[in-house]
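Remarks on the structure that follows.
Within every chain, numbering begins at 1; the chains are lettered A, B, ... in the order of the sequence lines, protein sequences first and strands thereafter.
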Amino acid sequence: MPEGHTIRRQAKAFAAELAGDKVVVTSPQGRFEAGAALLDGHELVRAEAAGKHLFLRFSNGRYLHVHLGLIGKWDFGVPPAPEPTGAVRVRLEGPRAWADLRGATLCEVVTSAQVRGVLRRLGPDPLRRDGRREEFVRRAGRRVLPIAALLMDQEVVAGVGNVYRAEVLFRARLSPDVPGRELDPGVVGALWDDLSTLMRDGVKRGVIVTTLPADRPPGTRRGVPPREAAHYVYRRTGLPCRVCGTPVATRELNGRNLYWCPVCQHIRP
DNA sequence: GGCTTATGCGCAG
DNA sequence: TGCGCCTAAGCCA
């Protein structure tokens with residue numbers, strides 16, 4: 001489930017449960033032994049999320065940089081940590097908590113200069129306090145690519161993935177095919193505001209919920225909706241649109257599935 | 001139990 | 001363009 005909200009939650013978990021303590025860092029799988037040795041025994045001093053990137057700063061000035069990719073996962077627990085099973089790339093063990101990383105696309109030890117390099121390349125993050133809404137409007141507004149492609153470009157906006165992309169376009173009733181530079185800046189700004197709302201809600205809940213209660217099936221309109229009621233279009237190919245009943249459409253765009261309602265999402269420049 | 005699919009990226013070629 | 005990552009949920013038998 002790694003869109004930006006997930007990484008943000010994980011950063012918070014590291015900050016609450018491991019920061020401030022010396023940490024034993026190992027690589028049970030063996031693929032990260034050299035990196036683990038650089039961090040082992042040092043104090044974790046800060047945990048930070050930027051888009052889908054996680055940075056853990058250690059007291060010797062080095063950072064662990066992790067990008068989960070599609071199948072990466074952190075597991076947290078209370079000591080004693082169990083015997084590692086499967087491919088545990090990294091294990092962090094503090095006095096109060098342990099964390100296991102599996103399946104990540106990227107796991108490396110970097111310097112603060114390298115961290116700044118990653119941050120420079122990333123677009124504005126709707127979850128960060130320094131969110132830079134106008135920078136998103138500028139970056140999206142000068143591109144010819146369709147808005148559906150721009151929302152997945154981490155240099156345009158950081159932390160948005162395939163679920164938020166599909167859902168925020170639906171909620172705006174915006175056609176996925178409108179080129180960025182043909183969009184009204186007010187519309188682009190509204191997309192940012194909605195992303196910020198949805199992703200903050202995702203951080204709170206731990207799951208992505210984008211449907212309004214009134215658009216959910218009867219019996220699921222109160223409280224936390226079940227997964228099948230949580231989205232408007234994402235992974236709902238062929239099912240009736242929750243608003244107009246038209247079958248939800250899907251196609252591939254840049255190697256990823258794009259979902260949309262061809263009737264509701266009528267707004268074009 | 002097996003098979004398919006996936007919320008994402010970097011990289012080889 | 002396709003693969004690696006090598007997880008885990010959902011589906012089928």
How long is the line joining [atom1] of [X] and [atom2] of [N], in whole Å?
| X | N | atom1 | atom2 | result |
| --- | --- | --- | --- | --- |
| A:Tyr234 | B:dG8 | OH | C1' | 11 Å |
| A:Glu108 | B:dC9 | CD | P | 15 Å |
| A:His5 | B:dG8 | NE2 | C1' | 14 Å |
| A:Ile208 | B:dG8 | CD1 | C1' | 13 Å |
| A:His67 | B:dT7 | NE2 | P | 14 Å |
| A:His231 | B:dT7 | NE2 | P | 11 Å |
| A:Asn162 | B:dC9 | CG | C1' | 13 Å |
| A:Glu252 | C:dT1 | CD | P | 10 Å |

Mind listing the side-chain donor-acceptor pairs of residues 15-26 of chain A below 3.5 Å, one per line with the distance, residues two or more places apart or on another chain?
unit_1, atom_1, unit_2, atom_2, d
A:Asp21, OD2, A:Arg96, NE, 2.8
A:Asp21, OD2, A:Arg96, NH2, 3.0

Could you give the distance separating [M] and [N] at their [atom1] atoms, to the nearest angstrom?
| N | M | atom1 | result |
| --- | --- | --- | --- |
| B:dG1 | C:dC6 | P | 23 Å |
| B:dT7 | C:dT1 | C1' | 22 Å |
| C:dC5 | B:dG13 | P | 15 Å |

### Query
Across the strands shown, which category fits A:Arg165 at heavy-atom distances under 4.0 angstrom: base, sugar-phosphate, nothing?
nothing
Identify, with sequence neighbours excluded, every residue that meets ring pair (Phe, Tyr, Trp, His ring centres under 6.0 Å) alongside [X].
| X | value |
| --- | --- |
| A:Tyr234 | A:His231, A:Tyr259 |
| A:Phe14 | A:Trp74, A:Phe76 |
| A:Phe55 | A:His65 |

### Query
To which residues is A:Val78 joined in a hydrophobic cluster, defined by side-chain heavy-atom contacts under 4.5 Å among Ile, Leu, Val, Met, Phe, Trp and Tyr, whether direct or through other members?
none
### Task
On DNA chain B, check which nucleotide each of A:His53 and A:Tyr259 is closest to and give me the residue with the more 5' one.
A:Tyr259
## Note on the structure
Expected string for nucleotides 2-8 of chain C under the B/S/- scheme (protein heavy atoms, under 4.0 Å, primed atoms plus P, OP1, OP2 as sugar-phosphate) is ---BBBS
#### Entry: Close side-chain approach of A:Val90 to A:Cys107, heavy-atom, < 4.5 Å
yes
### Task
State whether the number of non-hydrogen atoms from other residues, nucleotides or ligands found under 6.0 Å of A:Arg181 atom CZ is greater than 12.
no
#### Entry: Under 4.0 angstrom between A:Asn257 side-chain N/O and B:dA6 OP1 or OP2
yes
